[in-house]
Structure formats: structure tokens, C-alpha cells
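Structure record follows, encoded as C-alpha cells.
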Amino acid sequence: MQQHNVLILDFGSQYTQLIARRVRELNIYCEIHPYNKLPKNSNEFKAVILSGSPSSVRSEDPPHPDLSEIRGKKPLLAVCYGAQYLAHFSGGLVGQSNTREYGRANLSFVKNDEVFLEGIAIGSQVWMSHSDTIKELPTGGLRLASTHDVENAAYKIEGEDTYAIQFHPEVYHSTDGKQLLENFLVKIAGVAQTFTPDSFAETTIRDIKAKVGEDKVVLGLSGGVDSTVAAVLLHKAIGSNLHCIFVNNGLLRKNEFTDVLKQYEGMGLNVKGVDASERFMKALAGLSDPEEKRKAIGNAFIEVFDAEANQITDAKWLAQGTIYPDVIESVSVNGGPSATIKSHHNVGGLPDFMKLKIVEPLRMIFKDEVRRVGASLGIDKELLGRHPFPGPGLAIRILGDITPEKVAILQEVDAVFINGLKDSGLYDKVWQAGAILLPVNSVGVMGDERTYEKVVALRAVESTDGMTADWVNLPYEFLQKTSNDIINKVKGVNRVVYDISSKPPATIEWE
Ligand code: XMP
């Protein structure tokens with residue numbers, strides 16, 4: 001088990017995950033729990049942070065957990081709604097603010113709290129995002145800082161290690177936000193900065209050994225970063241008792257199945273490659289609705305995987321590459337994942353009939369941490385730097401129905417694009433890239449012949465987590481060469497377009 005260092009109570013803010021990521025950047029372990037489901041071991045945490053919230057303390061039934069076991073007993077930092085909650089329920093006054101309080105503001109200090117405000121410049125930029133404001137401080141409140149529009153931008157409670165701030169230290173626009181978190185967590189709460197990729201790997205390998213013992217574990221490898229890092233951790237813990245299965249659904253990138261399989265074998269993993277392309281093609285025949293395609297692929301995967309897993313006698317565990325954002329989402333304040341836009345997540349993934357116990361070595365870490373753990377385990381840089389690729393693969397990049405011919409065309413187009421990005425040194429600057437085969441034919445001319453062939457769209461986005469994304473301003477010369485290469489090399493395509501939509505409102509994938 002990781003040490004229980006920092007408890008972040010989530011009131012539903014869009015920034016709660018960012019608080020956790022900033023804390024982790026300080027090499028401090030933290031966990032997010034919904035404000036209304038305090039963990040049983042909350043006593044073991046050394047410090048507590050209250051998040052912001054879309055709610056108002058002035059609403060009819062505002063979130064107001066009983067924090068009597070925490071308040072005044074442990075160092076507490078209340079952010080935004082948290083700060084308003086502390087004021088409103090402890091003798092202060094929160095009202096609607098008269099001015100807009102969104103965006104940048106600058107701090108001025110009212111009282112010098114040496115520890116909390118150390119290293120924070122006077123005039124330091126902070127990020128505000130609230131419509132209520134603290135008009136009167138709670139009992140024992142001491143104002144520490146103000147901004148032009150917000151008198152009570154930071155305060156503390158006399159005689160306690162309880163601090164509250166109206167602004168968001170977790171967003172990058174709060175220039176000294178990370179310093180403030182460090183002051184609170186390290187100097188005031190005395191939390192040790194020992195949560196590093198090496199320490200995570202060491203603890204996790206020890207935990208897996210203790211949990212799994214001599215049992216056999218089955219894991220589905222996808223070629224992606226998460227399942228690969230999960231596999232290597234398990235392999236280090238239990239060696240050949242880890243049985244990996246890598247399924248070719250026929251919807252992978254060109255040559256990906258053979259290339260990645262070889263790489264896995266080279267890493268010493270006990271891996272079986274299963275080519276089930278035909279089965280997936282059959283399951284997809286005639287389907288053009290994206291959600292139906294996803295369902296067909298999901299079901300076919302379960303059947304293939306289950307049949308393979310059953311051949312491993314006495315397998316007791318199923319390992320999954322679930323990461324922390326999936327876990328947080330599934331236990332969120334609202335009690336479940338937010339509205340389904342696309343059904344693409346793997347928490348609770350495989351069906352009960354598999355009767356295997358679940359082991360998820362990455363369930364408490366974020367994507368960037370997975371990469372760093374992977375690097376500390378010595379996994380190849382190229383493998384760790386691979387762009388995310390959706391589970392249903394090219395099936396959701398071929399709009400409409402799927403045929404082997406369309407898959408073959410898209411694989412070629414995608415290979416020209418991705419290899420081009422690699423050759424031009426652009427691949428690592430892009431978070432995710434791919435090509436989309438449109439259900440549109442357009443007129444062209446090749447030689448003296450009229451053509452009537454397919455249109456492909458190229459998509460390249462910058463993002464940190466896939467939740468929001470912007471299109472990448474790829475150099476014109478690169479786009480020009482790529483378009484030429486695609487049209488000259490790939491039979492059946494006579495037009496290339498570049499997608500310049502951001503997410504939101506568009507999503508990354510077209511389906
Ligand atoms: P969207 O299209 O929702 O995608 O902006 C966000 C991220 O999720 C990936 N994605 C999927 N991943 N199964 C997956 O495993 C899916 O069905 C799926 N759909 C989208 C997408 O590639 C991007 O990284």
C-alpha cells in the first residue's frame with residue numbers, strides 16, 4: 001500500500017483532478033474521494049484539501065459534510081467552494097459577488113503568514129473562477145491576502161492549521177500555485193516528498209507479490225502504454241505466471257500486430273498473439289452505427305479473450321490497465337460517470353462470468369505518471385511515447401460500414417501520415433494523430449482520366465488528457481508532402497483534407 005498522505009475531498013469541481021496532479025508533481029501521494037463518501041481510513045491521511053464545486057453554499061441543499069474529525073485536527077486547505085463552505089458553516093457570510101470574478105487577478109498580502117505565503121511574490125497572478133464571494137470570515141478567521149476585487153482571497157483560522165483560498169492554486173495560470181501547495185503540504189503539514197516513479201514501482205511490485213502469490217494472472221495487451229506498463233510491473237512481480245494475450249482484431253495500424261508482438265517477446269513477456277481478424281470482420285459486417293460497431297467489437301473481444309483465457313489452466317486473476325482518471329470518474333460525486341458521449345471506458349470491463357479476481361496495478365496513477373513509471377522500469381522510449389489509439393481501432397475511423405478493403409486503404413493512409421510525422425520529428429509534439437476514411441467520393445483527375453474516389457481526413461491534436469484538445473498547426477510543407485504521398489501511393493484515394501476542429505465542441509475521433 002502507498003502511504004496515505006493527502007486526502008482530497010471532491011465537491012465536484014472540474015479542477016479536482018488537477019489538484020491531485022499538482023500534488024503528485026510534488027512527489028506526494030494523494031487520493032481523491034467524493035465529499036459525501038469519506039474513506040474509512042481518513043484518519044491515516046496527513047493533510048486534507050477541499051476542492052471547488054459547481055454548487056453554491058447559498059443553494060437549498062449545498063454539499064456540507066461533517067468534517068469534525070478533520071477540522072482543527074489535521075492541516076486543512078480549503079479551495080474556492082471549500083473556502084466558502086468553511087466560512088458559511090462556521091460563522092462567516094457568503095454572498096453573491098458584485099463583480100465578475102473569473103480569470104486572472106493579482107494577490108496582495110494583508111498579513112504576512114511566513115510559512116503559507118513563503119516564496120509567493122507580491123502581485124503574484126492567481127486564477128479566479130467563482131460567482132459567490134466570502135463577505136465575512138468565519139469565527140477565528142484571519143485575512144491573509146486580497147485581490148483588487150476579492151477582499152478575502154486567502155485566510156487562515158487562528159490556532160489551527162486551517163487555510164482557505166478563494167483562487168485555484170491547481171491551474172497553471174496561478175503562477176505560484178504549486179509553491180503554495182508545497183508550502184501547505186510540506187512546511188505546514190510535514191508531508192514527505194517520497195512518491196516517485198521508482199518508489200511506486202517498488203511498492204507496487206511488492207504488493208502484487210503479496211496479493212497474487214503463486215497464482216496465474218491473465219492480461220490483455222493492447223499495444224498501448226497502460227497495458228504494457230501494467231504487464232511489466234506484473235512480470236517483475238510474478239514472472240512467467242503472468243500470461244499475456246494480444247488480440248489482433250484486424251483493425252490495428254499497418255503491421256502493428258507483428259511489430260508490437262515482437263517487441264513484447266523481446267521484453268521477455270509471456271505473450272500469445274491471437275489473430276482473430278476474420279471473426280471481428282464478420283461481427284462488423286453490415287453495421288454502420290458507431291455505438292453498434294463498438295458493441296460488436298467489445299463482444300467479439302470478450303469471446304476471443306475468454307476462449308484464450310480458459311486455455312490457461314488455473315488462472316485466478318485478470319489484470320487490467322485501468323488508470324486513476326477512470327477510477328475517479330466511476331466513483332465521482334454524482335455517483336457515476338458523467339453523461340455518456342461515447343461508450344469507451346474499461347472500468348468494470350469484462351463480464352462476471354469470467355470469475356476471475358481483478359488486479360489493477362495502475363489504478364491509482366495518472367497517465368503521465370504511467371509513462372514515468374514505464375521509463376523507470378526501462379521500457380523502450382518509443383513504446384512509451386506511442387499516441388493513444390482507441391480500442392475499436394480503425395473501425396471508428398472508417399465512417400459507416402467496415403470492409404476489409406476499406407481497412408486496407410486506411411491502414412496505408414495512416415502509415416504514410418504517421419511515418420511522415422516521425423520522419424519530420426513532429427510525432428512527439430502531437431498528442432494523438434490519425435486518418436479518417438470518409439464515406440464520400442469526390443471527383444479528381446489523374447493523368448487524363450476522371451477519377452471518383454475516396455476522401456480522407458487527417459487529424460492531429462494537442463492535449464494533456466484527451467478531455468480537451470486543439471488541432472495542431474502542422475507546417476504547410478508537411479501537409480503538402482503528406483497529401484501528395486497519400487494520393488500518389490494509396491490507390492482509391494484522390495483527396496485529403498485536414499481537420500481543424502477543437503474539442504469541445506468536436507471530439508477527437510469522428511465517431
Ligand atoms: P473522443 O473521440 O471522445 O476521444 O474525443 C477521447 C480519447 O478516447 C479515445 N477513444 C476511445 N478509446 N475506445 C477506446 O479505448 C473507444 O471506443 C474510444 N473512442 C475514443 C480517443 O482515441 C481519444 O484518445
Side-chain angles (χ1 to χ4, degrees), residues 14 17 219-230 246-253 256 260 280 283-284 287-302 304-305 320-330 337-350 360 362 366-368 370-371 384-400 402 410 414 417-418 421 427-428 430-438 457-472 499-511:
Q14 55 172 329
Q17 285 195 34
L219 177 140
L221 279 169
S222 71
V225 177
D226 303 341
S227 66
T228 306
V229 174
F246 181 29
V247 176
N248 182 9
N249 57 11
L251 301 158
L252 302 175
R253 294 192 141 120
E256 187 168 21
V260 175
F280 281 85
L284 282 167
L287 299 184
S288 49
D289 175 78
E291 288 300 296
E292 279 181 24
K293 291 197 283 187
R294 281 192 169 85
K295 226 176 276 163
I297 293 167
N299 291 340
F301 180 81
I302 288 166
V304 172
F305 190 83
Q320 291 191 305
T322 313
I323 63 172
Y324 200 29
D326 305 333
V327 175
I328 297 169
E329 179 79 345
S330 65
S338 39
T340 303
I341 295 173
K342 299 176 191 184
S343 53
H344 52 71
H345 283 297
N346 54 2
V347 169
L350 291 166
E360 296 174 319
L362 310 177
F366 292 102
K367 189 88 181 181
D368 50 331
V370 175
R371 290 212 165 90
L384 290 178
R386 295 182 80 197
H387 290 173
F389 187 65
L394 300 181
I396 54 166
R397 293 186 180 167
I398 295 171
L399 308 195
I402 316 282
L410 189 57
D414 179 82
F417 184 32
I418 297 297
L421 286 171
Y427 184 85
D428 290 334
V430 169
W431 192 75
Q432 181 168 14
I436 299 101
L437 187 67
L438 305 187
L458 305 182
R459 181 109 167 105
V461 295
E462 290 168 337
S463 176
T464 49
D465 50 16
M467 302 292 287
T468 59
D470 209 353
W471 60 279
V472 180
D499 182 349
I500 53 166
S501 328
S502 64
K503 172 184 179 175
T507 50
I508 295 175
E509 306 293 347
W510 281 40
E511 286 199 330

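As the structure lists them, so they are numbered: ligands from 1, and atoms in each ligand from 1. Computed from a predicted structure; not experimentally measured.
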Study note, to complete from the structure: For Ile396, the atoms of ligand 1 under 4.0 Å from one of its heavy atoms are 19 (N)
Exercise for review: Identify the residue among Asp326, Val225, Ile323, Thr322 that makes a side-chain contact (heavy atoms from CB on, under 4.5 Å) with Leu362.
Suggested key: Ile323
Check your understanding: So, the side chain of Arg294 versus the backbone of Ala395: is there a donor-acceptor pair under 3.5 Å, distance only?
Key -> no
Check your understanding: For Gly391, is at least one N or O under 3.5 Å away from an N or O on ligand 1?
Key -> yes
Point to revise | Donor-acceptor pair, side chain of Lys503 and main chain of Gly466, under 3.5 angstrom | key: yes
Review point. Just distances here: any N/O of Lys503 and N/O of ligand 1 closer than 3.5 Å?
Key: yes
Practice item. Anything under 30° is parallel, anything over 60° is perpendicular, the rest tilted; go ahead and classify His387 against Tyr427. Key: parallel
Check your understanding: Do ligand 1 and Trp431 have nitrogen or oxygen atoms that lie under 3.5 Å from each other?
Key -> no
Review point. Judged by atom type as modelled, is there a donor-acceptor pair below 3.5 Å linking the side chain of Arg371 to the main-chain atoms of Leu384?
Key: yes
Point to revise | Polar proximity ligand 1 side, Glu511 side, N/O cut 3.5 Å exclusive | key: no
Practice item. Please determine if Ile508 has a nitrogen or oxygen closer than 3.5 Å to a nitrogen or oxygen of ligand 1. Key: yes
Review point. Of the choices Pro390, Pro388, Ser222, Ala506, which has the non-hydrogen atom that lies closest to atom 12 (N) of ligand 1?
Key: Pro390
Check your understanding: Ion pair present between Glu292 and Lys295, side-chain N to carboxylate O less than 4.0 angstrom?
Key -> no
